[in-house]
Amino acid sequence: MSETALVDRRWIERGAERASTMRFLLWLFPWVCLLLLGVYAAGLCFYYGLNQTNMDNRFAFGLWIFLDLTVIALGAGAFFTGFLVYILKQQDLKPVLNSAVVIGLTCYSGAVAVLMVDVGQPLRAWFTFWYPNTHSMLTEVTFCISCYLLVLVLEYIPVLVKNRQLRRVPSFLVFEHQAHKLVPVLAGVGAFLSFFHQGSLGGLYGVLRGRPFAYRQGFMIWPSTFFLFILSAIAVGPSFLMLVVATAEKITGQKLVDFRVYRKLGFISGVMLAIYVAAKAIDTYVWLNVTSPSMGFGPWDYYSYWPLSSTFLFTATVPLGLLPAILFIVPRTARHRGLLLLAAALTCCGVALNRFVMTVQTLALPTLPFDPFLKYTPSWQEVATFGAVVAYGVIVYSLSYRYLPMFEAMKGE
Amino acid sequence: MKFSRRDLLIGTVGITAGIAFTPVPWKLLGDASIWTQNWPWIPQPSHGPVETKLSACALCVAGCGMRVRMAAGFPVGVSGVTTNPVTQGALCPLGFAAHQLNWHPARLLTVRHNGRASSWPEAQAAFAKTCAEGPVAVIDGRPGRAASATLEVFAAKHNGSYQAVSGPETNALVPYAAWSEVPVSALGYDLENARTIVSFGAPLLDGWGTPGRFTRLWSERAAGQINPQLRLIQIEPSLSHTAARAWRWVAVREGTQSALAAALARVLVEEHLVKTQGPLPDMTLEQAAVQAGIPITAIRDLAHAMVECAPTVVITSDSDPTVSALNVLLGAIGTPGGIVLKTKMNQQHGSVPAAPATVRATVIDGTVPWDLIPPTQGEVFRFAAWDGGGSNADWLLPSPGFLEELTDIPTAPTSSIETYTIATNLLAQPQETQTAAQFFSKLDGTLPDVDKSIHARCEQIFQAKLGTIYAGKPTPVAQFTSGAKLEAQLRNGSVWLGESPRHTTLRCALKTWPTAAAPAPVTDWTATWAPPVLPLLAAKLYQESTLRDAPGRSQA
Amino acid sequence: MSARYGMVIDLDRCTGCGACMIACAAENNVSPPEPRATWRTGITPMVVRALSNGKDGTDRREAFIPITCMHCEHETPCVSVCPQQAVEFDKSTGIVMQMPQRCLGCRYCMTACPYHARYFNWWDPQWPPGMEKSLNPGVSVRMRGVVEKCNLCHSRYHDALQKAAAAGKKEIDVADYVPACVEACPTGAIQFGDLADPKDPATIAAKSPDAFRLLEAIGTEPKIHYKTTQAWIRALADRQSDRPTEAPHV
């Protein structure tokens, strides 16, 4: 690559191969446009109010809550990889650790940003911290996500200050060196916080005794969805991480990590997924045969509405649950890069579908016997804001990849 | 000392961390929240003591007693008056938002002439000119008021005509008035003594008559009972609110009520279910059944059900004489539980001079319902407090709005007992407004004054010593020591209830079965309660819920 | 000494006139609807729904059911889920109180409520110029972005308390506390009373064999009871014994 094409070469690791500045800007341009469109949509919501969305009193939660739940599950790779590397000492996963942190940071900060647009009175967001309700799962979610976002920022800063120019500031170097000692602690704290908020996101729905479709019994104060959400988050985290790194490899044309890393991530994902599928099957059985009938609702109350028939249940567990688990675990298929990545994609889709079912389908299903099955389509403002979060993630990851030593395997000081 | 980049960095970090320990960020957070709780564009209710006053709603002929909560001189809430003997605390659904009507976007507060803003002096001058040029027709939407006397006298003095418009409930009594040769205003329904009521489309539980009267009666005697003491048979094409709660709903094809009435008449007479022998319709039972689209067995069942629990009365939704004639067969005219003669206390207006062939101008009083477009001639001067839209009147003249006009409430059309209330204006009449009576009085100072007319009526009631005043507790009129005391009670929201109807046998001259009249236009629920415009909150009933259909007429 | 205010609504008496809906909106300073508001985005703390037995022709039966906040007594779903305690169960009255000034607008309570009795301010409330003079001083006006619902006309309870206190009494006079919907009903279909008082007529009506509650099996112990002699309505409400074969009329 000719030196003149890299206008920002001072910021790039010496010797690292990067696209020309022009090409990079061209890559960023559509994502920036998408981001700006989403910011405009969010601005409309702040100015005019939430009537800009298609949410209503029956669909009080819509596309944005689905987005929040899904990105937080996908971003679980951050805490789980950290946990695996620092607590369980799986050093061979170190190359993807920084990626996981960036993914986590963008997922969580994007989710928090969307939440600020989603609530009717964002300036009162601090009320949850000042008047917390210890009985509410949402209080727990708010506290843990805020703290975990702070943890992610603290985990990201050491990566950020490794930048070629920022490294030259001595205090940054000192900070980065000190921070290294903190990282295992952060990883432990992150794992602890994540355990709770991933679970509480599931708990949000499991405690809804007014929604028999979502309501579950469980252990002590936690409904079974608490544990199921943790399991599915842990299962999908490595999968999403794998997909992002593979996509980065494809776009940059560089080999960033060894295939063994993929296989390891896949294997972990597969095992967790298999456990999840088993747990989910038991949970569904108990729910459909014991919990739900005791509240006066049978399966026909949930699965008689087109298009959400029992196909949905089947789709969630077999093609998007059991199948990827098998592909990940069985060596013959796990050896194959294409099948591995397909399994990762299926897992991500499966978890997204599960989040959709818990948010949107819960609200679509009637509770009162004379209510109809309801439909909801997000407005363009909601879709644009969703797009902005995706764009934000791509932009931050792209910038991080270009200017920071994300992968240990890269040469250069 | 050299200020380096490092110092800047440390300083920035230090200040940021330090600020967290000062009250500044927390105060800003708190202030931001308080700001969200006190947005200047969100209106605040008034402060100050709330007092309760009594008056009556003058938006339609029912004249329901109203309890009005006032704060800072304006009404902030209304409810019914539980001690009112007719309404028993009820109001129509729209009445509960009546206190907001004076600020309805359609409120008329400027004189308009052919779409342009004008003024009262201009209107007065134009009217004076037309009066001088020829006769004037006056149309009154609520006859029998004190103001009506002013309108009538004016019309008589200026060789004009006075005409009262009547709603569907009054129209339904027209056939009986014609057959018995008594004024329509003298008739009423003695529902309290009926045991079976057969309604041909009259929305008895959903807007018919004075709110509260029949709904309470039905609630006590029929609701939820398998063998009710009061049987309501509702005959209409669709399952209306009334039909859904009726003891029986009979579904008829649209426009075939005459045929069904004819069929029922045949069965009642031929199977000796009634005492009289006729008159009978020309149609045979078979022909009538086919037209009505109901099997003969069902018609027979219905006829039997009608007479099983006497007395029975038939109530129609319009002036179709072919259905009203059933009451003649049932012997429901002038008998308990049927159509009765109200004990006449207040003198209604005398005979009305015949309308001249052509009129120079027409004056439409503010009490005429907006969607009722009376046939008009000449220059049209229409009084209204709200511009319902689509008017072709030459002059739109703003009249007083809700609780802004001192007026009185004569007996409601369907009532079997005379009543009298005074709707005291709890708000000052806006200077931009005039009533038609006031408008006429400016031209002719000799016309009867409304306030004085009301005083005279109270005096009349006192002198007659009949009936009861319902305030907190009922007091017979005979116990009042002065007309002034009685009047004071009436001005304070009390109601005078006259004597129970004498069940005089009305002479009913019906020799032949009537011929069918033209079918009445189909109206929707907004026509049964007839405020000039729907209060804005009425949209809760159709826009923000699925309870009712959107109104057919425009709402300006 | 604690009261448990609730209602028994006689569905045989409800004619679906909607007077309760308008009286409630007027009492609670609910604004006239935005032009774009529908039954899913409007604010109707009291709403009357139409029910039918799903049949056609002369077999068709219809009824009307007023739905409002049920003031759930047991493990009130909305109270436990609000992250900043903007919903409170008042132990002295049994009323579930919503505090719009505390509300963040997260709408979690709305997903929790099985009766769909909670409404969000999707728009800022607006009145035509001058109409704010007709606002009820006893009830605060909300703003956009917060949830609201029926408070059993708590301001009227407050007025009754003040009246009793002025007369030197500790307990309110039952006749002084009548919610707007109860007062407005022209057939007297809504009976209001203290369900904790065994002698209260509402309590006695709630125990009648014709009485039922919506979604009883969920176990929220709603304090709004319904009563009807019509078996098809009870069958519709009781999900376990019967399910309509077609989508009911809404």
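A note on names: the letters A, B, ... follow the listed sequences, proteins ahead of strands, and every chain is numbered from 1.
Interface check for chain A: of the options A86(C), C106(C), C113(C), C78(C), the most heavy-atom pairs under 4.5 Å are formed by C106(C). With respect to chain C, the highest number of heavy-atom pairs below 4.5 Å among Q52(A), R58(A), H135(A) belongs to R58(A). Among T142(A), T362(A), L204(A), the residue with the largest count of heavy-atom pairs under 4.5 Å with chain C is L204(A).
Between F120(C) and L50(A) there is a side-chain heavy-atom pair separated by less than 4.5 Å. Contact of the Q84(C) side chain with the W130(A) side chain is not registered, since no non-hydrogen atoms from C-beta on lie closer than 4.5 Å. Between N51(A) and E34(C), every side-chain heavy-atom pair lies at or beyond the 4.5 Å cut-off. Contact annotation: the side chain of N57(A) never approaches that of H116(C) to less than 4.5 Å [non-hydrogen atoms, C-beta and beyond].
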>> Determine whether R209(A) and H74(C) satisfy the following criterion, side-chain contact (heavy atoms from CB on, under 4.5 Å), listing intermediate values before the conclusion.
In response: CA-CA 11 Å; R209(A) 62 183 313 131; H74(C) 178 65; 4.3 Å; yes
>> As a quick check of understanding, evaluate side-chain contact (heavy atoms from CB on, under 4.5 Å) for Q101(C) and F127(A), giving each step before the final call.
In response: CA-CA 11 Å; Q101(C) 283 77 8; F127(A) 281 6; over 6 Å; no
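Enclosure of atom CZ in F212(C) by more than 12 non-hydrogen atoms of other residues, nucleotides or ligands within 6.0 angstrom is indicated.
Within the 4.5 angstrom heavy-atom criterion, only side-chain atoms of L363(A), from C-beta onward, approach chain C. With a 4.5 angstrom heavy-atom cutoff, I43(C) does not touch chain A via any of its atoms. Interface remark: L214(C) contributes side-chain atoms only to the contact with chain A (heavy atom separation under 4.5 Å). For F129(A), no part lies near chain C; criterion is any non-hydrogen pair under 4.5 Å. Proximity to chain C is absent for every atom of L115(A), based on heavy atoms less than 4.5 angstrom apart. Of the atoms belonging to L208(A), it is side-chain heavy atoms, and not backbone ones, that fall under 4.5 Å from chain C. If you measure heavy-atom distances from V79(C) to chain A, the contacts under 4.5 Å come from the backbone alone. Residue contact with chain A, scored on non-hydrogen atoms closer than 4.5 Å, involves the backbone and the side chain of E75(C) alike. Residue contact with chain C, scored on non-hydrogen atoms closer than 4.5 Å, involves the side chain of T53(A) exclusively.
Cation-pi geometry between R102(C) and Y131(A) is satisfied (NZ or CZ under 6.0 Å from the ring centre, within 45° of the ring normal).
Of the possible polar contacts, none joining the R107(C) side chain to the F61(A) backbone as a donor-acceptor pair under 3.5 Å is found. Side-chain atoms of Y108(C) never come within 3.5 Å of backbone atoms of M137(A) as a donor-acceptor pair (strictly under, hydrogens ignored). R211(A) contributes a side-chain N or O that, together with a main-chain N or O of T111(C), makes up a donor-acceptor pair within less than 3.5 Å. Side chain of Q85(C) to backbone of P132(A): a donor-acceptor contact under 3.5 angstrom is found.
Of all heavy-atom pairs spanning G296(A) and A217(C), the tightest one is N-CB, 3.9 Å. Of all non-hydrogen atoms in L138(A) and V81(C), the two that sit nearest each other are CB-O, 4.4 Å.
Taking CZ of F297(A) as the reference point, atom CG of L215(C) lies at 5.0 Å (rounded to 0.5 Å). The line from CD1 of I218(C) to OG1 of T367(A) is 6.5 Å long, rounded to the nearest 0.5 Å. Distance check, rounded to the nearest 0.5 Å: CG of N54(A) to CH2 of W122(C) gives 10.0 Å.
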